[in-house]
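Here the structure is laid out as structure tokens; the discussion comes afterwards.
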Number of protein chains: 2
Amino acid sequence: MTITFDVLAEQLRAGGHKLTQPRRAILQALLASAKPLSPAEIQQSGQAFCAELGLVTVYRTLEILESIDMVRPVHVADGCHGYVLATPGHTHHVVCERCHAVVEIVGCDLGDFLDRVAARTGYQITDHWLEIAGICGACQQEKMD
Amino acid sequence: MTITFDVLAEQLRAGGHKLTQPRRAILQALLASAKPLSPAEIQQSGQAFCAELGLVTVYRTLEILESIDMVRPVHVADGCHGYVLATPGHTHHVVCERCHAVVEIVGCDLGDFLDRVAARTGYQITDHWLEIAGICGACQQEKMD
DNA sequence: TCTCGTACTGAAAAAGTTTTTCAATTAGGA
DNA sequence: TCCTAATTGAAAAACTTTTTCAGTACGAGA
């Protein structure tokens, strides 16, 4: 939950990548957002930190960040163009239908379920993606007003 | 598992939509495929049944089919442009990484898991998407050759 | 701190996907 | 069979994503 810019910067370096101004801006944009951002939104938001930030660079940087598991694509109901920072390890997301706030679920108890799926289908399970939609605490409150 | 063309045709009619040649072709294409098809693939495959089938019509028809839950978008690892026929009720898919064969998991035991998520996050869970990747029986065999 | 090679960048263009518009066609009830 | 509204394909527009390329800036090593 408490991901800092410095930790992200170090992760990027550790992956053998340079820490450039545009990349800093992209990390800042992702860090500042509570909801998944599309490449275009990341560019817009990131331009506060690096005025020249190009969309092409956003795409290229997301590709890198995804390859080293620093960012995770989120496929929500209304499209599949969202990215959020990833907590290391296997996680899933709950996205608020109203305000799009995202909470990560660290630690994933789907093991039993996947075992049953494997047994029933004969497939050797290698990976899975789970997205959960709901209404966050704050929005449940608002509903009552 | 045993969805027939006639059942699909009736579902479409019941939704208040006309059963046209292009739409028949799209249903046939989906029915004949064991894996999720992109709009472009549906067009190509559907042209065996309706030579003039246009891509625009595929998009429009998928929109209708999705709105009446006859088709389900599948977000796989390599993109999010796949559609498969939906078995009535809540289902999830296992997609083979090698041959892209798809098996539906009918009946979904995620209830407990989702309850725990709700308790831990304070979110009121409204919906979820789960995609599972694996290697199907046939491809596991091939691997040994 | 300075130099230098390479990874990285933005702009432009290309490629690919999805949506809109519009005149012509077709399904299916009367 | 006739009629009308729903539907269609083609063309064009609007987006999104990828590729190309010449110039730039990061950061390792002196």
Side-chain angles (χ1 to χ4, degrees), chain A residues 5-6 8-29 36-68 70-71 73-83, chain B residues 5-6 8-29 36-68 70-71 73-83:
Chain A
F5 180 84
D6 292 341
L8 293 174
E10 188 44 46
Q11 267 186 277
L12 192 56
R13 275 232 182 74
H17 304 281
K18 291 187 177 176
L19 185 61
T20 64
Q21 287 307 323
R23 286 177 185 174
R24 281 173 207 269
I26 290 166
L27 291 178
Q28 294 281 15
L37 296 176
S38 67
E41 287 170 328
I42 291 172
Q43 178 191 29
Q44 194 173 358
S45 167
Q47 285 179 336
F49 304 98
C50 175
E52 303 289 272
L53 181 60
L55 188 53
V56 190
T57 300
V58 175
Y59 276 99
R60 284 187 286 225
T61 302
L62 284 174
E63 196 177 344
I64 290 171
L65 294 177
E66 198 179 339
S67 76
I68 56 178
M70 282 180 60
V71 133
V74 176
H75 303 285
V76 280
D78 46 314
C80 36
H81 305 289
Y83 291 84
Chain B
F5 180 84
D6 291 342
L8 293 174
E10 188 44 46
Q11 268 187 276
L12 192 55
R13 276 233 183 73
H17 304 281
K18 290 188 178 176
L19 184 61
T20 64
Q21 286 307 323
R23 286 177 185 175
R24 280 173 208 269
I26 290 166
L27 291 178
Q28 295 281 15
L37 296 176
S38 67
E41 288 170 327
I42 291 172
Q43 178 190 30
Q44 193 173 359
S45 167
Q47 286 178 335
F49 305 97
C50 174
E52 305 288 271
L53 181 60
L55 188 53
V56 190
T57 300
V58 174
Y59 277 100
R60 283 187 286 224
T61 302
L62 284 174
E63 196 178 345
I64 290 172
L65 294 177
E66 198 180 337
S67 76
I68 56 178
M70 282 181 60
V71 133
V74 176
H75 304 285
V76 280
D78 46 315
C80 36
H81 305 289
Y83 290 84

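Below, chain A is the first sequence line, B the second, and so on; all start at residue 1.
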Residue pair B/L12 / B/M70: nearest heavy atoms and the distance that separates them
N-SD, 3.9 Å
Which pair of heavy atoms, one from A/P36 and one from A/G82, lies closest together, and at what distance?
CB-CA, 3.9 Å
Output yes when a side-chain donor or acceptor of A/R23 lies under 3.5 Å from a complementary backbone atom of A/K18, and no otherwise.
yes
Can you tell me which residue pairs pass the salt bridge (Lys or Arg N to Asp or Glu O under 4.0 Å) test with a partner in residues 53-63 of chain B, sequence neighbours excluded?
none
Starting from [atom2] on [N], measure out to [atom1] on [X] and report it in whole angstrom.
{"X": "A/L12", "N": "D/dC26", "atom1": "CG", "atom2": "C1'", "result": "12 Å"}
{"X": "A/E52", "N": "C/dC8", "atom1": "CD", "atom2": "C1'", "result": "15 Å"}
{"X": "B/Q44", "N": "C/dT17", "atom1": "CD", "atom2": "P", "result": "12 Å"}

Mark up nucleotides 19-30 of chain C, 5' to 3', with B wherever a protein heavy atom is under 4.0 angstrom from a base atom, S wherever such an atom reaches only the sugar-phosphate, and - elsewhere.
BBB-----BS--
Return each pair, listed once, that meets side chain to side chain donor-acceptor pair (under 3.5 Å) where at least one residue sits in residues 37-48 of chain B; pairs must be two or more places apart or across chains.
B/K35-B/E41, B/S38-B/E41
Does B/F5 have any side chain to side chain contact (heavy atoms under 4.5 Å, CB included) partners at least two apart in sequence or in another chain, and if so, which?
B/A9, B/R24, B/L27, B/Q28, B/L31
Please state whether the phosphate of C/dT18, meaning OP1 or OP2, lies under 4.0 angstrom from any side-chain nitrogen or oxygen of B/H81.
yes
With a cut-off of less than 4.0 Å, is there a side-chain N or O of B/R23 near OP1 or OP2 of D/dA6?
no
